[in-house]
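Data first, discussion second: the structure below is written as structure tokens.
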Number of protein chains: 4
Amino acid sequence: MCSVKGTIDRRGAILAAAGKVFHAHGYAATTMEAVAAEAGVAKGSLYNYFRNKQDLFTQLFAEITAGDEAETDQLVAEDILADEKLQKLIDNVFAQLERYTAIGGLVLEFWATAARQTSASSVEPQHQGELAEMFEQMFSRWRRQTGAIVTQGIESGLFRAEIDPEVAASLIVAVVDGIIVHSILDVGADFGPHSLAALKRGLLAALSAWADTKDQLDRGEL
Amino acid sequence: MCSVKGTIDRRGAILAAAGKVFHAHGYAATTMEAVAAEAGVAKGSLYNYFRNKQDLFTQLFAEITAGDEAETDQLVAEDILADEKLQKLIDNVFAQLERYTAIGGLVLEFWATAARQTSASSVEPQHQGELAEMFEQMFSRWRRQTGAIVTQGIESGLFRAEIDPEVAASLIVAVVDGIIVHSILDVGADFGPHSLAALKRGLLAALSAWADTKDQLDRGEL
Amino acid sequence: MCSVKGTIDRRGAILAAAGKVFHAHGYAATTMEAVAAEAGVAKGSLYNYFRNKQDLFTQLFAEITAGDEAETDQLVAEDILADEKLQKLIDNVFAQLERYTAIGGLVLEFWATAARQTSASSVEPQHQGELAEMFEQMFSRWRRQTGAIVTQGIESGLFRAEIDPEVAASLIVAVVDGIIVHSILDVGADFGPHSLAALKRGLLAALSAWADTKDQLDRGEL
Amino acid sequence: MCSVKGTIDRRGAILAAAGKVFHAHGYAATTMEAVAAEAGVAKGSLYNYFRNKQDLFTQLFAEITAGDEAETDQLVAEDILADEKLQKLIDNVFAQLERYTAIGGLVLEFWATAARQTSASSVEPQHQGELAEMFEQMFSRWRRQTGAIVTQGIESGLFRAEIDPEVAASLIVAVVDGIIVHSILDVGADFGPHSLAALKRGLLAALSAWADTKDQLDRGEL
DNA sequence: AATGAATGAGGGTTCATTCAT
DNA sequence: CATGAATGAACCCTCATTCAT
């Protein structure tokens, strides 16, 4: 409405381009020129929307992860059994495996490099902190939400009472992230529907109170 | 014998320095100058031992992972029960978590960037191939060894017969690597002895034939 | 017209600077920094106009030799006697001796080194091929044009019929280039107007049919 | 006698190796390491025999040209006709064309680069002067000897009296060097026996007193 | 806002030369 | 004399960032 002719969403276009290029080449090997070319704008224009390369990356990350929190919070609040919730949670992740893989590579790389730096570099530490904080938040939210589901399961008697929800959440998140990482690394492991089912079965087996689980098994539901 | 004092292990010193600097700054942000400084040698000296930066990295990786295969193969061949073997395997990994963490960041970064690419970069593809192959081998060995243990467990009736050893191995490796990654990223999750025990318990619960597991649980062994 | 003042010809300035510096120091001893300094631009700016050092050199060569072909072709086509044509051709060369001397050193050096090689060097063979091809073309054009004049002379009865135009052209070009080389090397030989006249006289004596030449000699024209 | 076992001529071996490598790669692209490898000695050993790279090159040049002077002086002193002498001189050069080609490339390159330098370079100018002087001497000797033959020819009435021996010598040397250069550059010109004969014929035609030459032509000797 | 030429610090790598053994 | 590891100056080239238009 306010954008009449060619006033396309430049910022969006740049972010989209950045997503492609960062994913294709990694952070270090991505040049601002390549992003500009992919976005169809001039190199200098990037700096009208983003302070610098790191800022571009940070905002890209924010863009990609935006919306995840709300979605998952909604799932946590749904009125279904905890085991089903957990399965849905996992299904959701794997349904978006591609997206997570895309961003995952960047997270890994970025963390593996700049974010860990203590000294060095002419990059202003401020920006790094921004990204580090975003990472931290993403993971802690992820654990918190998973922990909530586990707690629900324990409270409803579905999961074994002696389970520590925090520990369980950490481990569950670790499995899922491990799979994502293996997918990113494309390391030979195959995570098709078969593996996915096995994963869910295994997780529930580990979490479930025996009777219930056994019943489910008997009913052939797992 | 005649070379005790003066014959310093320059190559070793450089590798050690490279390990530190790579770990601290990541691959891209590590300068050969920094490595040289850390090693206490001149920049040019690095090239007496390593063809280039990539070669230094590759050989560092080889150095760090050397010995792992034999050690684990030995474990696989031991004459103990599969569940105990699996626990030992995991214990081994976590006992060396620090070492894996050190190299892990580099693996992640490297894979997340250069290794995924076929085009780009002026780096000779040969070296990337070398490293890629080493990665591939490391992971596939890791899965193979884990799978062997799972198979042993199934054959001895300890683990449920319907388990696909390959799938199980992939998932187990994924959990473990997920934890390593989380450790690398230092993302807020705590993987102390408590979590470790829970992990082992959960894994065995997911793998075990019910009766046996239940017995063990009854005996309070898990 | 609207760009009179500010629109400096950066590329031209760099080429001019490169000409000076290459000529003064030779290819190998010329640093991009020196060229940049001479041109009054930053080091990095060179790479906005030329892909690399070789490309700069190649384009410099192309720039210098541009226009020669057309000019000489025109001479060949003129409606004057072959012996006069030949003399004009030589006069032209020597009138531009300075320019040929400037570029000649580079040609010699380049050919004497990199261009002879197929292996070695990290330089992309493509560029060398480019330059090698330009050299080849320059020399073959040179011979072709000279050969055409000789043929004209033979056909008109001015030159001896038993002369092989190709051989004669090769030799004539060799003399001229030999003189250029000696000038480049500044090796003590003096090629003033006196020598030039002697050269032309000698050449025509060697080429001419006896009767005519003798007549000319008798008339004191040579 | 004084060299019993392995005391081979190290210096000679190095020079031979240097000749090969310099010829193959040119001065700039030749590394001391490559020379050492070719010679089968350690890099450091080169510096026991030669002060530095330039010195090695200079001494190589001296070695190669040694003996030429005496040989040609002998020819000049022989008791044969001047035209035959000239032909022999040329024959000699072309009989050794390969050797001259080998050294020629280096002369050209060296002159084209280091020797012309006025400022710059950390190389001590002293060495350059040495080489420059050697070049100068080689060419001036070459002209002097040729001039002597021309003078003999004039005095004996074989060559035209009005010829300036110095100019003629300069031109003759220029032709010959031109051909050498073209051979070095391998520029498409073919200088087989046919061309060689034509060259000699042409030269004598240009030099010769008419009657004599005509007689020779009539006798079919040219 | 958009552009893209200009910048220049910095990185990886080479190699002539030295010197301790 | 022989060796070859060590050195470090220097080079080519990249690319994030700026700024005049």
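A note on names: the letters A, B, ... follow the listed sequences, proteins ahead of strands, and every chain is numbered from 1. No hydrogens, no waters, no symmetry mates; every other heavy atom, side chains included, goes into these values.
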Note to self: Just the rounded figure in Å: distance from P of E:dA6 to CZ of C:F50.
What the structure shows: 11 Å
Next item on the list: Measure from CZ on C:F22 to P on F:dC12 and round the result to the nearest Å.
Entry: 9 Å
Next item on the list: Looking at every strand, decide which applies to D:S45 at a 4.0 Å heavy-atom threshold: base, sugar-phosphate, or nothing.
Entry: base
Next item on the list: Take atom OH of C:Y27 and atom P of F:dC11, then tell me their distance rounded to the nearest Å.
Entry: 14 Å
Next item on the list: Rounded to the nearest angstrom, tell me the gap between atom CD in C:Q54 and atom C1' in F:dC11.
Entry: 15 Å
Margin query: To the nearest 0.5 Å, what is the distance between CZ on D:R10 and CD1 on D:I14?
Written below: 7.5 Å
Item checked: NZ on C:K53 to CG on C:L46, rounded to 0.5 Å -> 11.5 Å
Notebook entry, point to check: Any idea which of F:dC13, E:dT13, E:dT17 is nearest the C:Y47 side chain?
Noted result: F:dC13
Margin query: Under a 3.5 Å cut-off for both contacts, is F:dA20 paired Watson-Crick or G-U wobble with anything, and if yes, with which nucleotide?
Written below: E:dT3
Next item on the list: Could you tell me whether D:Y49 contacts a base, only the sugar-phosphate backbone, or nothing, with contacts defined as non-hydrogen atoms closer than 4.0 Å?
Entry: sugar-phosphate
Check: Between atom CG in C:L46 and atom C1' in F:dT14, what is the gap in whole Å?
Finding: 13 Å
Next item on the list: Measure the distance from CG on D:L56 to C1' on E:dT17 and round it to the nearest whole Å.
Entry: 14 Å
Margin query: Considering every strand and a 4.0 Å limit on heavy-atom distances, what is the contact class for B:K43: base, sugar-phosphate, or nothing?
Written below: base
Checklist line | 5'-most by nearest nucleotide on DNA chain E - B:K53 or D:G44 | finding: B:K53
Check: Can you tell which of E:dA6, F:dA2, E:dT17 lies closest to the side chain of C:R10?
Finding: E:dA6
Next item on the list: Tell me, yes or no, whether the heavy-atom count around D:E38 atom CD, taken from other residues, nucleotides or ligands under 6.0 Å, exceeds 12.
Entry: yes
Next item on the list: For A:D9 and E:dA2, give me the distance from atom CG to atom P, rounded to whole Å.
Entry: 11 Å
Item checked: Spacing of C:M32 atom CE relative to E:dT13 atom P, expressed in whole Å -> 20 Å
Note to self: Let me spell it out: for each of B:A42 and C:E33, pick the nucleotide of DNA chain F with the closest heavy atom. Which residue's pick is nearer the 5' end?
What the structure shows: B:A42
Next item on the list: Name the residue closer to the 5' end of DNA chain F, choosing between B:N48 and C:T30 according to the nucleotide with the nearest heavy atom.
Entry: B:N48
Check: Which of the following nucleotides, F:dG4, F:dA16, E:dT17, is nearest to the side chain of A:T31?
Finding: F:dA16
Check: With no hydrogens and no angle check, is any side-chain donor or acceptor of B:T30 less than 3.5 Å from a backbone partner on B:V21?
Finding: yes
Next item on the list: From the options C:F50, C:F61, C:Y47, select the one residue that forms a side-chain contact (heavy atoms from CB on, under 4.5 Å) with C:L56.
Entry: C:F50
Notebook entry, point to check: Which of the following nucleotides, F:dT17, E:dT7, E:dT13, is nearest to the side chain of C:V41?
Noted result: E:dT7
Next item on the list: Quick one: look up who E:dT13 pairs with, Watson-Crick or G-U, both distances under 3.5 Å, and put none if it's unpaired.
Entry: F:dA10
